[in-house]
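Reviewing the structure listed below.
As the structure lists them, so they are numbered: ligands from 1, and atoms in each ligand from 1.
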Amino acid sequence: MDFNDTPAEAEFRLAARSWLADNAEPQDPATPKPGVFFGYPSADEIAWARAWQRKKYDAGWAGIAWPKAYGGRGGSIMEQIIWSQEELRYRTPPLVLYLGLGHVAYTIMQHGSDEQKSRYLPPLLKGEEIWCQLFSEPGAGSDFGGLACRAERDGGDWLINGEKIWISDGDYAEFGALVTRTNPDVAKHKGMTYFLVDMQTPGIEVENIRQINGRSHISRVRFTNVRVADSQRVGEVDDGWSVSLTTLMYERLFVGTAGANGQFGGPVYRHLVDLAKRVTYQGGPAIEHPLVRQRLADFRVRSKELEHNSYRVLTLVSRGEQPGPEGSISKLALGLLIQEMSNFALELQQGAGLLLGDDAPEEGIWQESMMEIPCMRIAGGTDEIQRTIIGERVLGLPPERPVPRNTPFKEIPRDEDAVASARAK
Ligand SMILES: Cc1cc2nc3c(=O)[nH]c(=O)nc-3n(C[C@H](O)[C@H](O)[C@H](O)COP(=O)(O)OP(=O)(O)OC[C@H]3O[C@@H](n4cnc5c(N)ncnc54)[C@H](O)[C@@H]3O)c2cc1C
């Protein structure tokens, strides 16, 4: 593991720091707060995100790792990460553009046609168009290959029918990266096709899902006879699985490096220590109580472990290698750690920990964190899925169960078939 910047990286970091110092306001030390990882951005925050992206674009700081041919800076993924680390020290808008700029853009670069690249990449880089990722369905989340939303040929176009769910930014995104079932007669991974869809196309209905914390970050998206031109297809017909793997690989990269960016773990720990300094526990200052100190020490050690695991990801990235299961380790450990830290904060608040909203201490940030954390433990691959990856790829355990790789999709029993047959009885 190499913790140090190379001379070139150090030079890049200095240049980034200098531009940020002149163009952004320093971060309030009390932020980022625990709690709002997937907050629902207001219209003003979305406008701010677009304007900030445009400002970076005009100054040559957008798309650090994008090739110059697409308007980017032509840097390395490592430079992109250094930029994120530096940017985090400043007050910046919520991450409403990252699905497009990160996951979808790299997919278009690798698999898109020349027309798709010139139509979609420049507006993405300038912050003009927001994207969502239309992958999950009511019957296909962890088992993404089991998706059923259909795309059928209709003349030169495609007609899309079906449903997607848990779609982040779905109600304000202008475009979506959509994966559909085009051939149910072949094995499930072989009959999927990837499209780029304008979210204003007639037949698309977006319905917000209300989360336990009252926010609505995610949506259900229904498709009824939605007409999509064949020119919107990415990659070959029935080859959407391999196109999707690029999108999912960049999603994993984002998660795997988040710890090293200083996101989440470290700031949440610092808030917890501040809380322990302010409240009392068993008749004395909480921060002086041995049990509290023991718990805080445990959290600190685990935050550091997480940070160092993220450096393993960074080391691989800086050598030009693909990160493997290290990202799964980070994701699993981070979700559990923040959940335990939030739970401990509520214990420290004692009776007041049960209050919600304006009545709750500390503006309710710890209560909010407890309600948000299941999102983090599910989105981008659940804890169980991460454990399976670690079991198989780190511990060398045998695969959990044989996958029916050659069974045609239409012969695989589906939940809705079981529900329909139960209803019929
Ligand atoms: C905040 C949030 C944002 C999201 N954003 C998006 C988005 O923008 N786009 C998108 O397409 N999707 C998005 N998702 C969906 C997310 O990818 C899925 O929720 C996730 O993959 C889990 O799928 P599922 O909800 O269908 O649960 P399921 O896959 O049905 O899992 C249900 C339970 O069974 C367990 N399980 C399933 N399979 C196995 C197995 N093989 N071994 C052991 N346990 C198993 C799971 O761990 C889980 O506990 C988002 C989800 C959340 C919570």
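- In this structure, Arg233 forms no cation-pi arrangement with Phe195, as its terminal cationic atom is not both closer than 6.0 Å to the ring centre and no more than 45° off the ring axis.
- By the 3.5 Å distance cut-off applied to N or O atoms, His217 is not counted among the residues near ligand 1.
- Here the shortest heavy-atom distance to atom 3 (C) of ligand 1, taken over Ser168, Gly146, Ala173, Gly141, belongs to Ser168.
- Residue Glu384 has at least one heavy-atom neighbour below 4.0 Å for each of these atoms of ligand 1: 43 (C), 44 (N), 46 (C), 47 (O), 49 (O).
- Per-residue contacts place Ile218 under 4.0 angstrom from the following atoms of ligand 1 (heavy atoms of the residue considered): 2 (C), 3 (C).
- Contact atoms of ligand 1 toward Phe135: 11 (O) (distance under 4.0 Å to a heavy atom of the residue).
- Taking the ring centre of Trp61 as origin, the terminal cationic atom of Arg73 falls inside the region bounded by 6.0 Å and 45° from the ring axis.
- A salt bridge does not link Arg220 to Glu205: none of the charged nitrogens lies less than 4.0 Å from a carboxylate oxygen.
- For ligand 1 and Gln133, the ligand atoms under 4.0 Å from any heavy atom of the residue are 7 (C), 8 (O), 9 (N), 10 (C), 11 (O).
- Using a 3.5 Å distance cut-off with no hydrogens or angles, the side chains of Gln200 and Glu174 do not pair a donor with an acceptor.
- Of the candidates Ser244, Cys132, Ser136, Ser136 brings a heavy atom nearest to atom 12 (N) of ligand 1.
- Under 4.0 Å from ligand 1, the heavy atoms of Thr382 that appear belong solely to its side chain.
- In summary, the atoms of ligand 1 found under 4.0 Å from a heavy atom of Ile167, numbered by their order in the structure, are 7 (C), 8 (O), 9 (N), 10 (C), 11 (O).
- The heavy-atom pair separating Val96 from Ile130 by the smallest distance is O-CG2, 3.6 Å.
- For the residue pair Gln85 and Arg13, a side-chain donor N or O sits within less than 3.5 Å of a side-chain acceptor on the partner.
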